[in-house]
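Following: one structure in structure tokens, then a few remarks.
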Amino acid sequence: MNNNVRVRMAPSPTGFFHVGSARTALYNWLFARHHNGKFILRVEDTDVKRSSPEMINVILDGMKWLGLDWDEEYFQSQRLDLYRQYAEKLLDTGQAYYCYCDPQELEKERKEAYKKKINWHYDRRCLNLSPDEKEKKEKDGLPRAVRFMIPDTTVKYNDLIHGEIGRDSIDIEDFVILRHDKSPTYNLACVVDDADMKISHVIRAVDHITNTPKQILLYEAFDLPKPEFAHLPLILGKDKSKLSKRHGAVSLMEYRDQGFLPEAIFNYLALLGWSPGDDKEIMSCNEIIERFMLDRVNASNAVFDIEKLEWMNQQYIMVMDRDELITRSMPFLTKEKIYTNDLNQNKVKLRSIIDLMAPRLKVLADISKVRFFFSDEFQYDDKLMQKHCTKKTLDIMADYLTVFRKIEPFDIKTLDESLRTFADKNTIKAREIIHPLRAYVTGQEGGPGLFETMAVLGRDTCIRRIEKILKQSGHNV
Ligand code: GLU
């Protein structure tokens, strides 16, 4: 246990919570909880124009939904003075300088060089201004940014996931730390905050690994203690390219809306890049907290496998307390206008339906397949009906209906036995009745056991539906 562990999730409010960011948040949270440390939320909203409370809330709601509670909360937009003070410190010690260049002009130069495949770095032209030139620019009131002067050194650090990483500072340009409008850039604000918030471990996506040497140079310039760094592997789609919308849903909230359970997503994301060292896959939150270690996080990229996630979700649904499952399914049932408490629909029936459906739901939204239990207004699968409405089948079903009307008691066992007896007597296979019967009473090909389904539907409903199909097909009933 290391009670001094302080980690953070530092989202930029983009109005979107990518599953990759959710995993970063989760690993930080697990690391904090494992070590009895603190998990800090820091909203990186320095780009005030581009962030709104709604955009921030998407991320906060996602974290709450996953159960990732935080111990402290900060907003960079409320700390702008602090970053300016730190930039001043570097100006005072000569480790930073004013740059009067037009950012658009510089961008043009950069693009030109890129086209010619030339490596382009800011050439320190403003550092090399003579006092007179500088004075003139100041007099002219030219807007100025602050650039950090990269010292001539080699940056080395030990990444907790990727091992030793080194970078020659010659490859790093004097980057801007304060823009013309005095807003801090990401690297400055990040270092100032990580130091000020006493962050012990920076655990973030590998996309940021190229920022780390820059940040280390800033720590050294400020003479501040450095945190440990751990860069999490990328999440790829099945085609091994970076996970993006092309691969399907990438926003955490889309998964919520499809009826993935937060506990299943939690479990799945925990294993997306980390493994406890055995083959155990379904683990409770507490077990994951207990077993979570950074040294078991993979350096190689992880592949997001939606089928695996669906499988896991299904495992969680299957064992969920049934009352709880009813509660969680309710928004999906009401949205589809299948079941609402105000309709005074039968609660006992709902319970039996949920019992039948529980082992078959990959996602809660699959519950919409139960419409046929509550009403005759459901969609028949046309192809399926064609297949089961041939003359031969209709004749069999019409005969069978006469037996069906008299089945007593109308329960699973008797329904099953009487169907098989009828099939034997008429030397036909049981499935020659089972498949059309299922199509007639449910409109679907699959689903829970037919006899269990019919027992819940009740005799009258089943007869009504069989008669309807026969009549529609011109059969006398
Ligand atoms: N705001 C950055 C992001 O969302 C944070 C990176 C970091 O964790 O340092 O990617």
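In listed order, ligands and their atoms are each counted from 1. The analysis underlying the following values was restricted to heavy atoms, covering all of them including side chains, and did not include hydrogens, waters or symmetry mates. In this text, all values refer to a predicted model and were calculated from it rather than measured experimentally.
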### Arg8 to ligand 1, any heavy atom closer than 4.0 Å
yes
### Per-atom contacts, ligand 1 versus Cys190 - under 4.0 Å to a heavy atom
9 (O)
### Query
Where is the nearest protein heavy atom to atom 5 (C) of ligand 1: which residue, which atom, and how far?
Ala10 O, 3.1 Å
#### Entry: Atom indices of ligand 1 within 4.0 angstrom of His208 heavy atoms, with elements
2 (C), 3 (C), 6 (C), 10 (O)
### Query
Residues two or more places apart in sequence or in another chain: which of them pass side-chain hydrogen bond (donor to acceptor under 3.5 Å, both in side chains) with Arg296?
none
### Message
Other residues, nucleotides and ligands only: do more than 12 of their heavy atoms fall within 6.0 Å of CD on Glu377?
### Response
no
#### Entry: Subset of ligand 1 atoms that lie under 4.0 Å from at least one heavy atom of Tyr186
5 (C), 6 (C), 7 (C), 9 (O)
### Query
Any side-chain hydrogen bond (donor to acceptor under 3.5 Å, both in side chains) pairs touching residues 141-155, not counting sequence neighbours?
Tyr98-Arg144, Glu138-Arg144
### Query
Within 45° of the ring axis of Tyr100 and under 6.0 Å from its six-membered ring centre, is that where the NZ or CZ of Lys134 lies?
no
### Task
Under 4.0 Å, heavy atoms only, figure out whether ligand 1 is touched by the backbone of Ser12, its side chain, both or neither.
both
### Task
May I ask you to list the atoms of ligand 1 that are less than 4.0 angstrom from any heavy atom of Glu44?
1 (N), 2 (C), 5 (C)
### Query
How are the rings of Tyr157 and Phe229 set relative to one another: parallel (under 30°), tilted (30 to 60°) or perpendicular (over 60°)?
perpendicular
### Donor-acceptor contact present, side-chain Ser130 to main-chain Glu133, <3.5 Å
yes
### Query
With a cut-off of 4.0 Å, which atoms of ligand 1 are near a heavy atom of Arg204?
7 (C), 8 (O), 9 (O)
